[in-house]
**Student:** 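Before anything else, here's the structure in question.
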Amino acid sequence: MNKTKARVRINKLFRFLFQFSGLLCISILLGIFGMLCYNTIAFFTKISPIDFITATQWAPSSGGDTSTYGLLPLLVSTLLVTSGSMVLAIPLGIGTALFMSEYAGAGMKQWLKPTIEMLAAIPSVVIGFVGITIVSPLISTLFGLPNGLNALNGSVLLAIMALPTIITISEDAIHAVPQSLKEASLGLGATYWQTLRGVVLPTAAPGIIAAVMLGMGRAIGETMTVLMATGNTLAFPKSFFDSIRTITATIAIEMGEVPYQTTHYYALFAIAFVLFIITMLVNILAEHIANRIRQFQ
Amino acid sequence: MIQIKHLNLYFGTKQVLKTIDLEIAAHKVTALIGPSGCGKSTLLRTLNRMHDLTPDVRIEGEIEVDHIDVLSPQTNVHQLRKKVGMVFQKPNPFPKSIYENVAYGLKINGFAKGKIDEIVEDSLRKSYLFEEVKDKLHEPATRLSGGQQQRLCIARTIAVHPQIILMDEPCSALDPISTGKIEELIGELRKDYTIVIVTHNMQQAIRVSDYTVFMYLGEVIEFSSTEAIFQSPTKELTKNYVKGHFG
């Protein structure tokens with residue numbers, strides 16, 4: 001009798017524990033969102049949103065009334081370095097995933113996949129080292145620049161960091177395409193490449209989009225690597241050969257030194273909020289596209 | 001239409017087809033019957049070189065389809081498969097719209113855009129599907145019922161104008177009513193195509209085929225008109241099988 005009681009109690013206890021951990025996650029998320037919103041609103045009581053969006057300079061430390069908080073150079077830097085990394089990582093990642101899933105033998109795949117996944121385990125500081133000591137000198141020699149710490153350098157490094165995610169998840173999606181669909185296509189006289197392009201890739205598309213979005217999420221949010229390898233110049237970037245400073249790097253550099261609850265302090269929250277909105281939009285868009293494709297499956 | 005001479009097929013060291021000699025007539029329906037694992041699907045899939053994808057397969061002998069040496073590595077396998085279409089065991093429409101499913105084979109084979117609409121409609125009509133889907137050509141094919149999906153797969157196959165259609169137990173995943181429709185369709189298609197159908201269902205072989213091949217353990221035991229196989233089989237093994245003593 002006592003044992004039954006104990007069992008019921010344990011049952012209740014675990015139910016409570018799981019409920020608690022579920023609610024905890026949601027409240028942490030909401031809490032962070034609330035904190036971002038609160039500080040962002042505080043910022044906009046001091047600086048008008050229009051100035052924030054249209055000003056072309058981020059110069060908070062020039063003191064007093066002369067400081068400007070222009071989002072644009074940071075936003076453009078972030079978008080530049082992220083889109084550059086995606087231009088490199090998407091074709092390379094999907095290509096590698098196709099090779100692993102469709103062309104590499106079982107033996108090769110067996111060591112290739114874990115190796116690529118290991119790439120994801122490299123700390124971003126180490127990637128930053130690689131950027132400073134190898135990629136950036138290479139870029140400066142290749143393009144005849146005095147300095148290789150620029151947006152291109154950041155893009156290359158972020159591409160390296162996004163690749164493992166894009167490759168592994170795309171590979172899973174491509175591998176999950178039923179053999180029967182490939183056979184149907186080949187049976188109609190399609191070549192293997194036509195089958196990949198016409199059937200395999202479209203069928204795997206929701207998974208591939210998810211892979212790209214996760215990779216992009218990593219690239220947008222990455223801080224240490226871009227901080228180390230992109231030169232940290234606050235000027236408005238004109239090309240991939242300019243030094244830049246992303247939203248993340250700006251927050252990381254300035255947050256430690258900024259006085260509490262000043263306009264500058266709130267401004268850092270405001271740009272973090274922008275970053276949050278971008279990531280959210282990217283996710284919603286990806287989900288929307290994937291759902292449209294999925295209704296055919 | 002199809003000549004098979006001394007065909008042997010091995011998966012690794014296991015011999016799955018043993019010295020098969022067959023001559024399959026044009027514009028007739030030939031049924032392949034036999035217990036599970038006797039090699040009938042394997043034989044069917046050699047006719048359009050579907051084994052190319054399978055690792056560790058070894059094929060000896062000769063197959064000629066309409067003067068094409070099927071097994072020769074020089075043969076253009078894509079041309080061959082255009083000529084020898086295939087309908088699979090489970091309906092396998094592409095995750096695309098109904099229209100795109102039929103148009104797919106036309107697009108990859110480089111048909112002119114203007115022609116495609118016409119052929120799509122024609123193929124859907126020939127597979128008795130057009131009336132059911134004409135208002136939803138651009139909806140996902142996966143929303144169709146299993147029987148409709150299989151007729152769509154047949155439409156997709158005939159769209160590229162094959163001469164031969166291979167059917168690998170096309171009704172095994174379908175209910176009796178859908179099966180009836182497919183069988184009726186096969187009766188109609190035999191006028192224009194040579195059909196080779198693998199079936200588990202002996203009644204189906206009787207209903208749809210002109211000739212029947214009985215296979216057992218990788219060998220052709222008996223090959224004759226369907227009537228002869230089921231009414232007066234010459235081999236004891238065939239008799240036992242068609243009478244339902246084993247299988």
Side-chain angles (χ1 to χ4, degrees), chain A residues 94 97-112 170 172-211 286-297, chain B residues 44-45 47-56 76-98 100-111 138-143 149 152-162 165-168 173:
Chain A
I94 296 176
L98 275 175
F99 170 72
M100 269 208 297
S101 176
E102 303 297 314
Y103 294 100
M108 189 170 193
K109 189 179 157 182
Q110 213 169 19
W111 63 262
L112 199 58
S170 304
D172 289 341
I174 291 165
H175 195 73
V177 174
Q179 183 72 12
S180 66
L181 290 184
K182 289 187 219 167
E183 287 186 346
S185 168
L186 294 169
L188 289 165
T191 62
Y192 207 73
W193 164 237
Q194 283 174 320
T195 302
L196 288 183
R197 212 190 45 188
V199 175
V200 175
L201 283 177
T203 308
I208 293 176
I209 290 170
E287 194 60 32
H288 178 72
I289 298 171
N291 277 336
R292 285 197 55 179
I293 299 169
R294 243 180 243 131
Q295 65 167 231
F296 283 86
Q297 290 172 355
Chain B
L44 193 76
R45 291 163 67 89
L47 302 180
N48 67 345
R49 293 251 307 256
M50 259 320 173
H51 292 302
D52 284 14
L53 283 181
T54 325
D56 245 6
N76 181 336
V77 68
H78 313 296
Q79 286 300 321
L80 171 76
R81 287 179 184 152
K82 214 184 126 199
K83 208 171 257 201
V84 186
M86 189 164 208
V87 177
F88 297 82
Q89 193 165 353
K90 265 189 16 211
N92 55 352
F94 298 126
K96 300 173 188 285
S97 70
I98 294 167
E100 286 296 331
N101 260 277
V102 186
Y104 179 80
L106 302 168
K107 285 181 179 164
I108 55 168
N109 284 301
F111 278 71
H138 297 283
E139 283 182 24
T142 40
R143 283 197 202 147
Q149 287 187 14
L152 179 66
C153 291
I154 293 175
R156 175 173 76 185
T157 306
I158 61 182
V160 295
H161 295 306
I165 301 176
L166 308 175
M167 296 185 172
D168 190 357

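Letters A, B, ... are given to chains in the order of the sequence lines, protein chains preceding strands, and every chain is numbered from 1. Predicted model, so just to flag it, every value in this text is computed and none were measured. No hydrogens, no waters, no symmetry mates; every other heavy atom, side chains included, goes into these values.
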**Student:** Can you say whether B:Phe94 sits under 4.5 Å from chain A via the side chain, the backbone, both, or neither, judging by heavy atoms?
**Tutor:** both
**Student:** Measure distances from B:Pro93 to the heavy atoms of chain A and classify the residue's part below 4.5 Å as side chain, backbone, both or neither.
**Tutor:** backbone
**Student:** Please give me the minimum heavy-atom distance between A:Gly189 and B:His78, naming the atom from each residue.
**Tutor:** O-CB, 3.2 Å
**Student:** Pick one of side chain, backbone, both or neither for B:Val84, based on which atoms fall under 4.5 Å of a heavy atom in chain A.
**Tutor:** backbone
**Student:** Considering all heavy atoms of both residues, which atom of B:Arg45 and which atom of A:Glu183 are nearest to each other, and what is their separation?
**Tutor:** NH2-OE2, 2.5 Å
**Student:** Given a strict heavy-atom distance threshold of 4.5 Å, which part of B:Arg143 is in contact with chain A: side chain, backbone, both, or neither?
**Tutor:** side chain
**Student:** Looking only at heavy atoms, which two atoms of A:Thr195 and B:Tyr104 are closest? And how far apart?
**Tutor:** CA-OH, 3.8 Å
**Student:** Looking only at non-hydrogen atoms, find the nearest pair between B:Leu53 and A:Gln179 and report the distance.
**Tutor:** CD1-NE2, 3.4 Å
**Student:** With a sphere of 6.0 Å drawn around NZ of B:Lys107, does it hold more than 12 non-hydrogen atoms of other residues, nucleotides or ligands?
**Tutor:** yes
**Student:** Quick one: what part of B:Gln89 sits under 4.5 Å from any heavy atom of chain A, side chain, backbone, both or neither?
**Tutor:** neither
**Student:** Would you mind telling me which of A:Ile293, A:Thr203, A:Val199 has the largest number of heavy-atom pairs within less than 4.5 Å of chain B?
**Tutor:** A:Val199
**Student:** I'd like to know which of B:Lys82, B:Met86, B:Lys96 tops the heavy-atom pair count under 4.5 Å against chain A.
**Tutor:** B:Lys96
**Student:** Could you tell me which of A:Pro178, A:Pro202, A:Ser185 has the largest number of non-hydrogen atom pairs under 4.5 Å with chain B?
**Tutor:** A:Ser185
**Student:** Quick one: pull up CD1 in B:Ile108 and OG1 in A:Thr191 and give me the separation to the nearest 0.5 Å.
**Tutor:** 7.5 Å
**Student:** Minimum heavy-atom separation for A:Ala184 and B:Asn92, please, with both atom names.
**Tutor:** CB-ND2, 3.4 Å
**Student:** How close do B:Val160 and A:Leu188 get, counting heavy atoms only, and between which atoms?
**Tutor:** CG2-CD2, 4.2 Å
